[in-house]
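Worksheet: one structure, shown below.
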Amino acid sequence: MRDYGQIVIAAFNGGTPKQLSEAVNLMSVCRFNPDVLQIIERMRDDGRMAGEAGTVAIDAFSKRGRKCQSIPPDLVAREKELAERALLAGSRQVATIYGELVGFDPPASMRGPLSEALRADFLDGDDIAPLMLARHPDVFGLSRIETRAYEIAFETLNSRTRSRRSLPPVEFDIPSPPLTDDERKQADLLAQTWLRNVKKPDVDGARHPGTRQTAVKSSHGSSPRPPDPPPASDAAASSRALHA
C-alpha cells in the first residue's frame, strides 16, 4: 500500500541511490502499465489467458494504474531528469530506463556514464543490459568483438532465465564483413570471461560477487507474451512493468 507519489516526490527532493532507483523504476513501470494492461485484455479476450486469471490480472494492473495516478503530473514529465540524476549518483537498475528515455542517443557527456552503468548492471546480473550494449555499439564505441561478446552474454543469460521477464529470442544483424573464425572465438572467450564475473542470485534474490553465474533469476514460471513483440528495448520495459 505504499504511496507511489510520495516515493517519487521524496526522490526528487534528495534520496539515496537506492531510493532514486526505486523511484525511477516506479515511474517506468507506471509509464508502461497501460500497454501491459491492454496486452492482458487482448489475451483474455482471444482465449490465450483463462477468463478468471485474466480478470485477476486486469484487476491487479488496474489497481496499480490507480496508484500511479498519485505521482504528480509535473514530476511524470521530469522522468528523464530523475533517471539521469540517478544514473550519475550510481543507482543500479536505471541505465536501461535512462537509455530508453533518450532513445539510446544520449548527450556526449552522458555516453560514458551510461556505458559504465549498463556494464555495472550487466555484471550485477541484469540480462537486459548486455542486450542494450550490443544494440548500440556505435554509441558506446564497441569493437566488433566486444559487440558480439555482449550478444553472446545476453543470449546466455536470457536462455538461463526462466523467470517471468525473460525475453523471446533476439535476432542480431550479421556484421559486414562477417566475423572471421578467429574473431568469433575471441568474442566467445571474452563473453565467457565476463559471465564468470556476473553475480549469482541467492535464494532470496540477493546477488553476491565473485561467484560463477549459474542462474540469472529465480524461476517464477512462464509469462504470457504479446502476439507481436515490440522492439527489444520496449519489450524489456514492458516486461519490467508486467513483473514489477
Can you see which heavy atom on [X] is nearest to which on [Y], and at what distance?
X	Y	answer
Leu20	Ser91	CB-OG, 3.7 Å
Gly125	Val198	CA-CG1, 3.7 Å
Val139	Pro106	CG1-CD, 3.9 Å
Ile40	Gly54	CG2-O, 4.1 Å
Ala89	Pro17	O-CG, 3.5 Å
Leu114	Ala95	CD1-O, 3.4 Å

Within-4.5 Å side-chain heavy-atom neighbours: [X] and [Y]:
X	Y	result
Gln192	Leu189	no
Arg92	Asp121	yes
Val24	Tyr98	no
His136	Asp105	no
Val29	Tyr4	no
Val102	Met110	no
Arg135	Phe104	no
Tyr150	Arg119	yes

Within the distance-only criterion (no hydrogens, no angle test), does the side chain of [X] pair as donor or acceptor with the backbone N or O of [Y] below 3.5 angstrom?
X	Y	result
Asn33	Phe61	yes
Arg85	Ala11	yes
Asp124	Ala120	no
Ser115	Arg111	no
Ser159	Glu155	yes
Asn25	Ser21	yes

Next item on the list: Mind jotting down which residue pairs meet the ring-ring contact (aromatic ring centres under 6.0 Å, His included) criterion with at least one end in residues 70-93? Sequence neighbours excluded, please.
Entry: none
Hey, what do you get for [atom1] ([X]) to [atom2] ([Y]), rounding to the nearest 0.5 Å?
X	Y	atom1	atom2	result
Phe122	Leu131	CZ	CG	11.5 Å
Ile128	Ile97	CD1	CD1	11.5 Å
Lys63	Asp59	NZ	CG	10.0 Å
Asp126	Thr96	CG	OG1	5.5 Å
Asp188	Leu195	CG	CG	9.5 Å
Ile7	Glu22	CD1	CD	4.5 Å

Check: In chain order, what residues pass the side-chain contact (heavy atoms from CB on, under 4.5 Å) check against Arg44, with sequence neighbours excluded?
Finding: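 If we apply the side-chain contact (heavy atoms from CB on, under 4.5 Å) test to Arg44, skipping adjacent residues, the hits are Thr55, Ile58.
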Item checked: Residue pair Ile152, Arg148: steps toward the side-chain contact (heavy atoms from CB on, under 4.5 Å) verdict -> CA-CA 6 Å; Ile152 294 169; Arg148 180 56 189 151; 3.7 Å; yes
Using residues 170-177 as the side-chain source, report each donor-acceptor pair under 3.5 Å to any protein atom, sequence neighbours left out, with the distance given to one decimal.
none

Item checked: Residues which pass salt bridge (Lys or Arg N to Asp or Glu O under 4.0 Å) with Glu183, listed by chain and number, not counting sequence neighbours ->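 Listed in chain order: Arg144.
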I'd like a table of donor-acceptor pairs (distance under 3.5 Å, sequence neighbours excluded) in which one partner is a side-chain atom from residues 68-77, with atom names and distances.
{"unit_1": "Ser70", "atom_1": "OG", "unit_2": "Gly5", "atom_2": "N", "d": "2.9"}
{"unit_1": "Ser70", "atom_1": "OG", "unit_2": "Lys67", "atom_2": "O", "d": "2.7"}

Notebook entry, point to check: Got a sec, which residues hit side chain to side chain donor-acceptor pair (under 3.5 Å) with Glu79, two or more places apart in sequence or on another chain?
Noted result: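 Listed in chain order: Arg31.
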